[in-house]
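Count residues from 1 along the sequence.
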Amino acid sequence: FERIAPPKQLPRIPGFIKDAQKQNPNIQKWGLIGYCWGGKMTSLLGAESLFKAGVQTSPAMVDPEDASKVKIPMAVLASKEESADDIKKYEANLTTKKHVETFDDQLHGFM
């Protein structure tokens with residue numbers, strides 16, 4: 001996991017978006033959606049102005065401190081297997097437009 005840890009992958013994203021914009025010049029705004037590990041990436045990338053909105057589903061590695069850095073509207077869709085306490089703290093720390101909901105009848109990954 002260390003090799004693909006989210007902080008190590010973050011520097012790759014701006015170049016990826018730049019290349020995607022070259023291929024799709026008609027797309028002017030970008031959003032994020034992250035499942036599990038991607039939820040952590042979405043949370044961390046939410047501090048960037050490169051994206052206009054983000055969605056996390058079954059987010060992994062939820063850190064309430066990350067939420068205070070988020071600058072874009074964020075939705076967090078958690079399952080019963082994510083820490084309810086961490087999700088509540090994350091929501092409390094979000095200062096942007098937000099929608100946070102826990103689905104108590106769903107497993108991680110909404111399987």
Side-chain angles (χ1 to χ4, degrees):
F1 182 77
E2 186 63 29
R3 182 178 59 80
I4 60 166
K8 289 186 176 182
Q9 300 305 312
L10 291 175
R12 300 176 65 193
I13 303 303
F16 177 80
I17 295 299
K18 185 177 178 181
D19 289 343
Q21 285 176 323
K22 285 180 186 176
Q23 296 294 318
N24 303 283
N26 56 328
I27 299 174
Q28 301 296 310
K29 297 178 182 178
W30 296 88
L32 297 158
I33 185 165
Y35 304 88
C36 187
W37 178 91
K40 180 67 169 185
M41 291 290 290
T42 298
S43 183
L44 296 173
L45 288 164
E48 304 282 332
S49 60
L50 186 59
F51 301 98
K52 300 300 180 193
V55 178
Q56 303 175 49
T57 67
S58 295
M61 301 169 279
V62 175
D63 181 349
E65 295 304 312
D66 292 343
S68 63
K69 299 172 190 144
V70 171
K71 298 176 185 173
I72 60 175
M74 184 67 66
V76 179
L77 308 175
S79 75
K80 65 182 180 181
E81 294 184 325
E82 280 75 59
S83 166
D85 189 50
D86 285 347
I87 296 296
K88 286 178 186 172
K89 289 177 183 175
Y90 188 94
E91 178 179 18
N93 287 349
L94 278 173
T95 59
T96 62
K97 290 183 181 180
K98 60 189 170 190
H99 176 83
V100 179
E101 186 172 354
T102 297
F103 294 84
D104 292 323
D105 62 343
Q106 295 296 310
L107 300 173
H108 179 80
F110 292 81
M111 304 296 244

What's the shortest heavy-atom distance between [X] and [Y], and which atoms?
{"X": "Pro59", "Y": "Leu77", "value": "CD-O, 3.8 Å"}
{"X": "Lys40", "Y": "Ala60", "value": "CB-O, 3.6 Å"}
{"X": "Pro7", "Y": "Pro11", "value": "O-CD, 3.5 Å"}
{"X": "Lys52", "Y": "Ile72", "value": "O-CB, 3.8 Å"}
{"X": "Trp30", "Y": "Ala20", "value": "CH2-CB, 3.6 Å"}
{"X": "Pro25", "Y": "Lys22", "value": "CD-O, 3.7 Å"}

Under 4.5 Å between side-chain heavy atoms, hopping through other hydrophobics if needed: is there a path connecting [X] to [Y]?
{"X": "Tyr35", "Y": "Leu44", "answer": "no"}
{"X": "Val100", "Y": "Met74", "answer": "yes"}
{"X": "Trp37", "Y": "Ile87", "answer": "yes"}
{"X": "Ile27", "Y": "Val55", "answer": "no"}

Note to self: Tell me if a side-chain donor or acceptor on Lys98 pairs with a main-chain N or O of Glu91 at a distance below 3.5 Å.
What the structure shows: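 Flag set: sc Lys98 to bb Glu91 pair under 3.5 Å.
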Just so I know, are the side chains of [X] and [Y] near enough to count as touching, which here means a heavy-atom distance under 4.5 Å?
{"X": "Leu107", "Y": "Lys80", "result": "yes"}
{"X": "Glu65", "Y": "Asn93", "result": "yes"}
{"X": "Leu45", "Y": "Leu50", "result": "no"}
{"X": "Phe51", "Y": "Thr42", "result": "no"}
{"X": "Met41", "Y": "Leu10", "result": "yes"}
{"X": "Arg3", "Y": "Lys8", "result": "no"}
{"X": "Val62", "Y": "Ser83", "result": "no"}

Note to self: Tell me whether the count of non-hydrogen atoms from other residues, nucleotides or ligands lying under 6.0 Å of NZ in Lys88 goes above 12.
What the structure shows: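 No.
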Next item on the list: Kindly check if the number of other-residue, nucleotide or ligand heavy atoms within 6.0 Å of CD (Gln23) is above 12?
Entry: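 Open: at most 12 neighbouring heavy atoms sit under 6.0 Å from CD of Gln23.
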Margin query: My understanding is that only residues two or more places apart in sequence, or in another chain, count here; which of them pass salt bridge (Lys or Arg N to Asp or Glu O under 4.0 Å) with Lys69?
Written below: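 So Lys69 forms no salt bridge (Lys or Arg N to Asp or Glu O under 4.0 Å) with any residue.
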Which residues pass the side-chain hydrogen bond (donor to acceptor under 3.5 Å, both in side chains) test with [X], sequence neighbours left out?
{"X": "Ser79", "answer": "Glu82"}
{"X": "Gln9", "answer": "Arg12"}
{"X": "Ser43", "answer": "Tyr90"}
{"X": "Asp85", "answer": "Lys89"}

Note to self: For Thr96, give me all partners under side-chain contact (heavy atoms from CB on, under 4.5 Å), at least two apart in sequence or on another chain.
What the structure shows: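 Listed in chain order: Val70, Leu94.
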Notebook entry, point to check: Would Cys36 and His108 count as a side chain to side chain contact (heavy atoms under 4.5 Å, CB included) if you check the C-alpha gap in whole Å, the side-chain angles of each, and the deciding distance to 0.1 Å?
Noted result: CA-CA 8 Å; Cys36 187; His108 179 80; 3.2 Å; yes
Margin query: To the closest 0.5 Å, what do you measure between CZ (Phe103) and CD (Glu81)?
Written below: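 Answer rounded to 0.5 Å: 14.5 Å.
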Check: OG1 of Thr57 to CD1 of Ile33: how many Å apart, nearest 0.5 Å?
Finding: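 Answer for the OG1-CD1 pair, Thr57 versus Ile33, is 5.5 Å.
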